[in-house]
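This structure is a prediction, so every number in the text was calculated from the model and none was measured.
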Amino acid sequence: MMTTMLKRHNSRTACDRCYKLKERCDRSAGGVSCTRCDRLTFVCSINRPIRAAGRRPKNWGRVLPGDTSSDSITSSMVTQQNLPIDEWVTDGLKIDLQEKELLRALLSQPKNFGHHLVSSSFEEAEHRLLAALLPRAMPFLKDAYLAYAGTLQLTQQDTASDVIRMNDSYRYASSAIGMLRLLHATNAQESTVCLTLGTVLVLSVYSLSGLGVAEICQHCLSTTAAFTDAAILWDEDTVSQYSFLVLLDTADCLVHCRKPTQRFPSEETKVVSRHLGVCLSLLPYYYDLCLIGHCMANSFDTVCLVQLHKKLDEIRTAVEGWRPPPLCNVSQRYETVDLVNLLAQAKVYRLAALLVGHRLRYPFGREDGQARIWSNEIMLELELANWATKQPCRCVTLPYLVAAVEIQDVGSRVQALENVDKYVDHFMPTVQRAAKQFLSRIWLERDNNATRYWFQSLSKPCPVLQSLEL
């Protein structure tokens, strides 16, 4: 860690890091480092100009690096070709010219943050959030953003330097994971930084290898649990990142018969998620299905199984009657294409929940007719939305794989493998390959009567890539 000469200061002056994070800087009167810098093993320094106390003049128009209270950063900086990355770099933070150019390239286009969203209409909002947080928490987010920027370049360019860029991206991702382990949210602001770090890391890791995503999600959700519940009902930014990590964690636990880290609040939210659209209120049912799968895989008690089947009946009744919550001015806020995809996404997640519950109760070979009905409805809904909007529905990886498992016709299976590239999210190329391997193996196991339940298969679908042969 680079050392710096500390200026003389009194105990009331915040260090540079706490000042940029707008957090209380706790230090003793004669202390050299504050408690936050000590905890994160950072150099605690005060090298910025110390301005006089009091309100600034009304014509104070310059945007400070730590000011994210408005959209000024994205409106006045991000749209410019020459972003003031130098002003965002704190003392003691190493960053070279190549890294600055990577960050400029990443922040210059909103579409760079749109690969994992349900619609391109949400790109501006996601870009605004992620771009505004970087100068505010540069020491925490820098390496994760650099890893993501590097993976974007790998997917967009085909040059002889790909191996070097890949190694650099791995190095940045590894450093960002180390930072995530050190970060413990003690307030809502630090919780936002943690969720952002986790989201960008997941996007990077999925593009690189896919391994370790589950652990990243679990850590972020556990660390921020105390500060997310209240924000879920109204804050679109928090919902966007939190629901994304909850979905990935839930999907992983579903196929591994584990208990998920967090249960999404059951209260009805008026927010449209940038990843799950209008079907956020289905997430609690998926959590309950994970718990039932976990109990069934670890309990053979007859009384317990009867209770679990009763719970499955309750979930089926609730999901069959589920409808998207009423939202104000939806038709005015979104284009027709977006509405079609949002409704299609909601329908296939609802059908997939019914299908998962059905397969928790019935093994392959029993009640296959009903399973095929729900599977066909999911595939038909996705194709109709694609036909109507001329673009594939996004963020439907889980329902697509759940439906594809039920396909038994050879020709339909071939088509389903081809459609993986269409419906398994494009920001997850490693998962697309793993999904094809999983489907091929689970179909073979099913045809040979080697597997009774898909979630008990030796092969596992994304997001955990145990079926991927590197």
Side-chain angles (χ1 to χ4, degrees), residues 206 210 251-252 254-257 286 289 293 297 316 341 344-345 347-470:
Y206 260 137
D252 174 70
L254 183 64
V255 298
H256 285 85
C257 302
Y286 277 96
L289 291 171
R316 174 170 177 170
N341 282 327
Q345 183 196 42
K347 183 173 182 179
V348 297
Y349 267 96
R350 171 181 170 273
L351 292 170
L354 293 172
L355 183 50
V356 170
H358 184 77
R359 278 308 180 202
L360 285 173
R361 179 187 290 272
Y362 301 109
F364 293 136
R366 289 185 56 192
E367 300 294 333
D368 286 353
Q370 181 60 69
R372 280 196 298 272
I373 290 174
W374 283 326
S375 172
N376 291 336
E377 287 188 24
I378 290 173
M379 295 303 189
L380 179 60
E381 186 66 27
L382 293 176
E383 288 302 309
L384 286 175
N386 185 36
W387 171 82
T389 63
K390 302 299 185 291
Q391 60 185 33
C393 192
R394 300 183 185 179
C395 302
V396 291
T397 297
L398 177 60
Y400 180 79
L401 291 179
V402 168
V405 166
E406 300 296 333
I407 299 175
Q408 294 180 280
D409 176 70
V410 175
S412 298
R413 285 178 174 179
V414 172
Q415 185 63 52
L417 290 177
E418 294 177 357
N419 285 340
V420 164
D421 293 333
K422 184 189 297 186
Y423 295 116
V424 174
D425 296 299
H426 295 289
F427 74 93
M428 303 187 296
T430 53
V431 177
Q432 290 179 334
R433 297 196 299 271
K436 294 176 182 179
Q437 289 189 357
F438 162 73
L439 291 176
S440 299
R441 292 178 179 182
I442 195 69
W443 289 332
L444 182 61
E445 292 177 10
R446 182 173 182 176
D447 293 344
N448 294 327
N449 296 319
T451 296
R452 299 186 69 228
Y453 299 95
W454 64 266
F455 56 88
Q456 292 179 349
S457 168
L458 297 178
S459 303
K460 296 298 181 183
C462 59
V464 174
L465 308 182
Q466 292 182 354
S467 62
L468 181 60
E469 296 176 354
L470 300 175

Is any side-chain heavy atom of [X] less than 4.5 Å from a side-chain heavy atom of [Y]?
{"X": "V402", "Y": "P399", "answer": "no"}
{"X": "N449", "Y": "F364", "answer": "no"}
{"X": "M379", "Y": "N419", "answer": "no"}
{"X": "R441", "Y": "K436", "answer": "no"}

Output the distance between atom [atom1] ([X]) and atom [atom2] ([Y]), rounded to the nearest 0.5 Å.
{"X": "L354", "Y": "I378", "atom1": "CG", "atom2": "CD1", "result": "8.5 Å"}
{"X": "W387", "Y": "L382", "atom1": "CH2", "atom2": "CG", "result": "15.5 Å"}
{"X": "L398", "Y": "D252", "atom1": "CG", "atom2": "CG", "result": "11.0 Å"}
{"X": "I442", "Y": "E445", "atom1": "CD1", "atom2": "CD", "result": "4.5 Å"}
{"X": "R433", "Y": "D421", "atom1": "CZ", "atom2": "CG", "result": "10.5 Å"}

Counterpart residues, side chain to side chain donor-acceptor pair (under 3.5 Å), relative to E367 (two or more places apart): none
Residues forming a side chain to side chain donor-acceptor pair (under 3.5 Å) with N386, sequence neighbours excluded: none
Residue pairs, two or more places apart or on separate chains, that pass salt bridge (Lys or Arg N to Asp or Glu O under 4.0 Å) and touch residues 398-410: R359-E406, E406-R446
How far apart are the closest heavy atoms of [X] and [Y], and which atoms are they?
{"X": "Y286", "Y": "A352", "result": "OH-CB, 3.3 Å"}
{"X": "G357", "Y": "L289", "result": "CA-CD2, 3.9 Å"}
{"X": "V424", "Y": "A435", "result": "CG2-CB, 4.4 Å"}
{"X": "Q432", "Y": "D425", "result": "NE2-O, 3.6 Å"}

Keeping the roles fixed (side chain from [X], backbone from [Y]), state whether a donor-acceptor pair exists under 3.5 Å.
{"X": "Y206", "Y": "V431", "answer": "no"}
{"X": "S412", "Y": "I407", "answer": "no"}
{"X": "D368", "Y": "G365", "answer": "yes"}

Option from V255, V420, V405 for which side-chain contact (heavy atoms from CB on, under 4.5 Å) with F438 holds: V405
Could you list the residues that satisfy salt bridge (Lys or Arg N to Asp or Glu O under 4.0 Å) with [X], not counting sequence neighbours?
{"X": "R366", "result": "none"}
{"X": "E381", "result": "K347"}
{"X": "R394", "result": "none"}
{"X": "R413", "result": "D447"}

Test side-chain hydrogen bond (donor to acceptor under 3.5 Å, both in side chains) applied to Q345 and N341, step by step: CA-CA 6 Å; Q345 183 196 42; N341 282 327; over 6 Å; no
Residues which pass ring-ring contact (aromatic ring centres under 6.0 Å, His included) with Y423, listed by chain and number, not counting sequence neighbours: Y400
Please tabulate, one pair per line, all N/O donor-acceptor pairs under 3.5 Å involving side-chain atoms of residues 369-376, not counting sequence neighbours.
unit_1, atom_1, unit_2, atom_2, d
R372, NH1, Q408, OE1, 3.2
S375, OG, A403, O, 2.7
N376, ND2, R372, O, 3.1

